[in-house]
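Remarks on the structure that follows.
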Amino acid sequence: MGLITMLRHSGWRTHATYLEEETPLSTRQAEILALQKTYHTKEEIAETLKLPEETVDHHIDEIQEVLAQSKRLCTLVGPSPSSDTDVRTDFELDTMPWNLMTSGKLDYDDEERTRLKLELYHGKWNTMSHTYLLVEREIVDIDRHETRTIEHRGAYGSEGLRATIYDDSESLDEYYLRYVLLELAGIDPTEGSARSPQAVLDQHFTEADADAARKRAKERVTRHKIESEKLPSKQ
């Protein structure tokens with residue numbers, strides 16, 4: 001009996017119990033994820049749990065949403081970007097009520113930078129002070145069994161955000177990913193100290209190049225549901 005066959009037919013119930021006890025997953029979600037992680041196909045999962053395959057698909061979607069919600073919670077509660085301590089604690093609560101506005105991602109065919117994910121949040125200290133939290137995650141596939149994620153987290157006013165958001169752009173597509181992240185959040189991406197793609201990348205681009213990159217970026221950026229409070233327009 002091969003290793004995968006042994007894994008497929010043993011241990012999944014123990015792992016399901018562990019997942020249910022240690023994560024926010026329901027009993028059924030934990031069972032399905034445990035079966036997936038022990039090399040069972042969707043058809044085998046449906047047969048084992050006596051469920052229609054479309055029900056298995058529904059639960060898999062729910063598992064992915066639990067994962068997404070858990071990641072959002074980690075971002076919303078900390079660590080605080082305004083802390084000036086030398087070493088942040090494991091649970092240094094960020095007390096700003098952040099609200100996810102836009103998010104986007106870009107894949108690179110590059111060993112040094114495999115994937116870039118961006119999230120832009122809005123928060124308010126008072127009725128006149130709008131603050132934005134920019135979270136950037138660079139995911140690098142080092143080899144088959146190793147990845148590295150670098151997270152940058154910073155809070156800015158609208159002008160400070162425009163002045164810094166483009167700095168790490170390495171391509172026209174990335175520049176416009178950041179551009180559209182602002183645009184869909186109601187922040188004018190070109191005002192004030194915002195730098196042009198030519199200035200950031202030190203290259204010349206035609207208007208057609210820029211339009212095409214902006215169009216691609218709009219397909220990569222999502223605008224999220226926001227709280228009922230009206231956000232500032234074109235800050």
Side-chain angles (χ1 to χ4, degrees), residues 7 11-40 42 45 49 51 54-83 85 87-108 113-124 131-142 145-156 177-178 181 184-185 220-229 231:
L7 288 170
W12 74 266
R13 287 193 180 277
T14 300
H15 193 53
T17 300
Y18 176 80
L19 288 172
E20 184 182 0
E21 292 176 348
E22 299 296 331
T23 76
L25 296 177
S26 68
T27 300
R28 184 63 83 196
Q29 292 166 349
E31 288 174 341
I32 289 173
L33 183 56
L35 284 162
Q36 280 191 311
K37 288 170 69 65
T38 50
Y39 298 93
H40 289 74
K42 183 173 67 176
I45 294 172
L49 300 178
L51 296 173
E54 55 267 26
T55 301
V56 174
D57 285 332
H58 176 70
H59 283 303
I60 290 172
D61 288 342
E62 289 181 333
I63 292 167
Q64 292 174 338
E65 181 55 29
V66 171
L67 176 62
Q69 289 175 343
S70 298
K71 288 180 177 178
R72 284 195 291 273
L73 179 61
C74 289
T75 298
L76 291 169
V77 301
S80 172
S82 58
S83 172
T85 57
V87 179
R88 289 177 171 84
T89 62
D90 288 340
F91 185 68
E92 186 162 344
L93 182 67
D94 184 339
T95 55
M96 173 68 76
W98 298 116
N99 177 23
L100 179 61
M101 302 170 70
T102 52
S103 64
K105 66 178 182 178
L106 181 63
D107 293 327
Y108 277 97
R113 202 180 198 198
T114 310
R115 188 171 302 108
L116 174 68
K117 294 184 178 181
L118 303 175
E119 294 174 352
L120 183 61
Y121 295 79
H122 172 260
K124 292 184 71 174
T131 306
Y132 301 93
L133 175 69
L134 177 64
V135 179
E136 306 181 41
R137 297 184 182 93
E138 296 182 15
I139 299 96
V140 179
D141 292 334
I142 298 172
H145 299 291
E146 186 178 0
T147 62
R148 179 175 66 245
T149 300
I150 302 171
E151 179 175 306
H152 303 266
R153 177 184 174 91
Y156 310 89
L177 184 76
R178 296 168 181 271
L181 196 79
L184 294 186
R220 295 168 174 148
V221 175
T222 300
R223 186 178 189 274
H224 296 269
K225 182 177 71 174
I226 58 177
E227 295 171 351
S228 58
E229 177 188 18
L231 297 177

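With hydrogens and angles disregarded, a donor-acceptor distance shorter than 3.5 Å links the side chain of Thr114 to the backbone of Asp141. Of the possible donor and acceptor atoms, none in the side chain of Thr55 sits under 3.5 Å from a partner among the backbone N and O of Leu51. Side chain of Arg223 to main chain of Leu184: a donor-acceptor pair is present (N/O by atom type, distance under 3.5 Å, no hydrogens or angles). At distances below 3.5 Å, at least one donor-acceptor pair connects side-chain atoms of Arg153 with backbone N or O atoms of Thr75. For the pair Gln64 (side chain) and Asp61 (backbone), a donor-acceptor distance under 3.5 Å is absent.
Residue Trp12 comes nearest to His40 through the heavy atom pair CD1-CE1, 4.3 Å, listed as atom of the first residue, atom of the second, then distance. Shortest non-hydrogen contact noted between Tyr121 and Leu76 is CE2-CD2, 3.7 Å. In plain terms, the two heavy atoms of Ala185 and Thr102 that are nearest each other are N-CG2, 3.8 Å. Listed here is the closest heavy atom pair of Leu19 and Ala34: CD1-N, 3.9 Å.
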side-chain contact (heavy atoms from CB on, under 4.5 Å), that's the test. Do Gln29 and Val66 meet it? Break it down for me.
CA-CA 10 Å; Gln29 292 166 349; Val66 171; 4.2 Å; yes

Evaluation steps, side-chain contact (heavy atoms from CB on, under 4.5 Å), between Leu106 and Arg115:
CA-CA 6 Å; Leu106 181 63; Arg115 188 171 302 108; over 6 Å; no

Test side-chain contact (heavy atoms from CB on, under 4.5 Å) on Leu118 and Leu177; report intermediate values, then the result.
CA-CA 9 Å; Leu118 303 175; Leu177 184 76; 3.7 Å; yes

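Between Glu65 and Arg72, at least one side-chain N (NZ, or NE/NH1/NH2) sits under 4.0 Å from a carboxylate O, which counts as a salt bridge. The pair Glu119-Arg137 meets the salt-bridge criterion, with a side-chain N (NZ, NE, NH1 or NH2) lying under 4.0 Å from an Asp/Glu carboxylate O.
Side-chain contact between Asp57 and Lys42 is present, with heavy atoms from C-beta onward closer than 4.5 Å. A heavy-atom distance below 4.5 Å is found between the side chains of Ile45 and Gln36. Ser103 places none of its side-chain heavy atoms less than 4.5 Å from the side chain of Lys117. Ile139 is not listed as a side-chain neighbour of Glu151, based on a closest heavy-atom distance of 4.5 Å or more. The shortest side-chain heavy-atom distance between Glu54 and Val56 does not fall under the 4.5 Å cut-off.
With values rounded to the nearest 0.5 angstrom, Leu35 atom CG is found 7.5 Å from Glu31 atom CD. Between atom CG of residue Leu49 and atom NE2 of residue His59 there is a gap of 8.5 Å, rounded to the nearest 0.5 Å. Put simply, CD1 on Ile32 and CG on Leu25 are 10.0 Å apart, with the number rounded to the nearest 0.5 Å. Distance check, rounded to the nearest 0.5 Å: CZ of Arg28 to CD of Glu20 gives 11.0 Å. With rounding to the nearest 0.5 angstrom, the CG atom of Leu133 is 11.5 Å from the CG atom of Asn99. Rounded to the nearest 0.5 angstrom, Leu181 CG and Tyr132 OH are separated by 12.0 Å.
In this model, a donor atom of one side chain and an acceptor atom of the other lie less than 3.5 Å apart for His58 and Glu62. His15 and Thr38 are not linked by any side-chain donor-acceptor pair at a separation below 3.5 angstrom, with hydrogens and angles left out of the test.
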